[in-house]
Amino acid sequence: MVEDRVLDEIDRAADEIVQLTVDLVRIPTVNPPGEEYQACASFLGERLARDGFDVEYIVASGRPEHTAAHPRVNVVGTRPGAASGPVVHLNGHIDVVPAGDGWTVDPFAGVVRDGRIFGRGVCDMKAGIAAAVFAAEGLRRAGVALPGAIEISGTVDEESGGFAGVAWLCQTGRISRGRTDYVIIPEPLNVDRICVGHRGVYWSELTMRGRVAHGSMPFLGVSAIDGMTNVLAAIRSELQPALQSRVTAMPVVPAGARHATINVNAIEGGQPIGGIQTPCVADRCRAIFDRRFLIEEGFAVAKAELDALIRRVAGAAGGLECELRDLMVVEPVQTPPESPVIGALDEAIRRVVGTTPTLIASPGTYDHKHVARIAGVPHCVAYGPGELELAHQPDEYCRVEDLVKATKVIALATLGLMRER
Ligand SMILES: [Zn+2]
């Protein structure tokens with residue numbers, strides 16, 4: 001059986017897969033600000049070229065975050081198929097979040113101990129990139145002549161929205177409906193789970209303006225801080241219970257994130273604390289909200305509801321002006337349940353891991369949104385090695401066993417998708 005040959009090749013390559021992960025971790029692609037992207041893209045590009053890929057470097061030259069100090073360089077490798085079969089695109093982000101405190105090992109040394117690889121970005125998601133590379137390499141070493149092309153991309157800035165990364169590839173047509181059939185993103189979601197999308201995100205900034213007056217006679221002014229306090233109280237007493245009562249049918253994990261939610265990210269008002277204080281009524285207060293909306297709610301409803309609450313509360317106080325500005329909107333996405341990419345991964349997980357896979361949706365967002373919304377490619381999921389809960393934590397690690405299993409699953413799923421038509 002061709003599948004057995006592929007699995008054997010991947011088992012034989014286990015040390016190489018670990019080494020590739022370690023090599024990637026040792027390039028500290030910390031975002032922000034976006035360090036070492038060029039070095040990491042080149043390293044991955046050279047690796048792909050050795051494995052028979054045609055390699056392109058795609059620079060997000062039109063984006064404001066692309067600078068001489070921190071260039072936004074993406075790499076895409078294509079290994080053509082024997083015929084014009086389906087194109088399977090494996091995408092991983094090369095950026096990692098800053099290490100932060102609390103580490104017991106060097107976060108960029110790539111320490112391998114007790115069957116685990118430690119380091120910042122190991123599970124999120126350099127192990128996933130290594131799995132993608134060796135899924136393709138396992139198929140090649142097993143002598144499989146695939147009818148369609150495999151593409152592997154390493155992209156920037158997923159942790160900060162992915163606008164110079166996957167979104168850029170989608171906007172420039174490198175990933176597009178006519179060209180790309182299936183996309184698998186090996187984010188760390190556990191080896192027996194397939195992630196089929198995420199909720200929507202609406203970030204907004206509320207500015208309230210009142211009227212300044214002497215602090216000894218506050219009744220002569222209108223306090224923007226008081227106005228904001230009333231808005232926050234209404235969010236707590238009215239909006240949050242309403243959101244808590246709404247539940248999505250999407251399988252979001254953890255289950256608490258199956259509800260609509262709102263978080264106050266920031267608040268700032270009146271005079272700067274730490275500066276010299278004068279007796280003044282605060283004439284300005286700002287807050288930033290992070291509203292996660294359900295696919296069943298939609299963005300228009302989420303925005304209108306918040307807007308109406310603010311206007312009602314501010315209007316009741318009198319003398320307050322308020323302005324709600326959109327900072328970021330991410331539409332929810334969901335892979336169609338009948339998508340072949342779900343079916344192919346499901347079958348591969350049953351065979352390699354030996355369990356019944358669970359379909360999940362992410363509590364946050366990831367690059368799926370760009371693939372679905374900009375490129376219009378519906379057949380996209382996230383599946384990869386590592387545990388979701390370890391992402392962004394100190395002593396982040398990925399089990400070698402999971403890394404090898406995920407590599408096998410991605411290889412067999414790719415093979416399955418090539419045979420689907
Ligand atoms: Zn990630």
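Every number for a ligand or one of its atoms is a count from 1 in the order of the listing.
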What donor-acceptor contacts under 3.5 angstrom involve side-chain atoms of residues 243-253, with partners at least two apart or in another chain?
residue: Ser245; atom: OG; partner: Ala242; partner atom: O; Å: 2.6
residue: Arg246; atom: NH1; partner: Glu297; partner atom: OE2; Å: 2.5
residue: Arg246; atom: NH1; partner: Glu305; partner atom: OE1; Å: 3.2
residue: Arg246; atom: NH1; partner: Glu305; partner atom: OE2; Å: 3.4
residue: Arg246; atom: NH2; partner: Glu305; partner atom: OE2; Å: 2.5
residue: Thr248; atom: OG1; partner: Met250; partner atom: N; Å: 3.0
residue: Thr248; atom: OG1; partner: Glu296; partner atom: OE1; Å: 2.8
residue: Thr248; atom: OG1; partner: Glu296; partner atom: OE2; Å: 3.1

Under 3.5 Å, which donor-acceptor pairs link side chains of residues 346-354 to any protein atom two or more places apart or in another chain?
residue: Asp346; atom: OD1; partner: Arg350; partner atom: NE; Å: 2.6
residue: Asp346; atom: OD1; partner: Arg350; partner atom: NH2; Å: 3.3
residue: Arg351; atom: NH2; partner: Asp4; partner atom: OD1; Å: 2.6

* Quick one: do the Ser153 and Asn74 side chains pair a donor with an acceptor below 3.5 Å? -> no

* Near the Zn ion (ligand 1), which protein N/O/S atoms are found at less than 2.8 Å? ->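 Hits for the Zn ion (ligand 1) below 2.8 Å: His93 NE2, Asp124 OD1, Glu187 OE1, Glu187 OE2.
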
* With side chains defined as the heavy atoms from C-beta onward, is the minimum distance between Lys405 and Arg399 less than 4.5 Å? ->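 No - every pair of side-chain heavy atoms lies 4.5 Å or more apart.
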
* **Within residues 344-394 or reaching into it, pairs that qualify as ring pair (Phe, Tyr, Trp, His ring centres under 6.0 Å) - sequence neighbours excluded** => Phe163-His370, Tyr182-His379, His198-Tyr366, Tyr366-His368

* **Proximity of Tyr202 and Phe299 rings by center, below 6.0 Å** =>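 Centroid separation for Tyr202 and Phe299: below 6.0 Å.
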
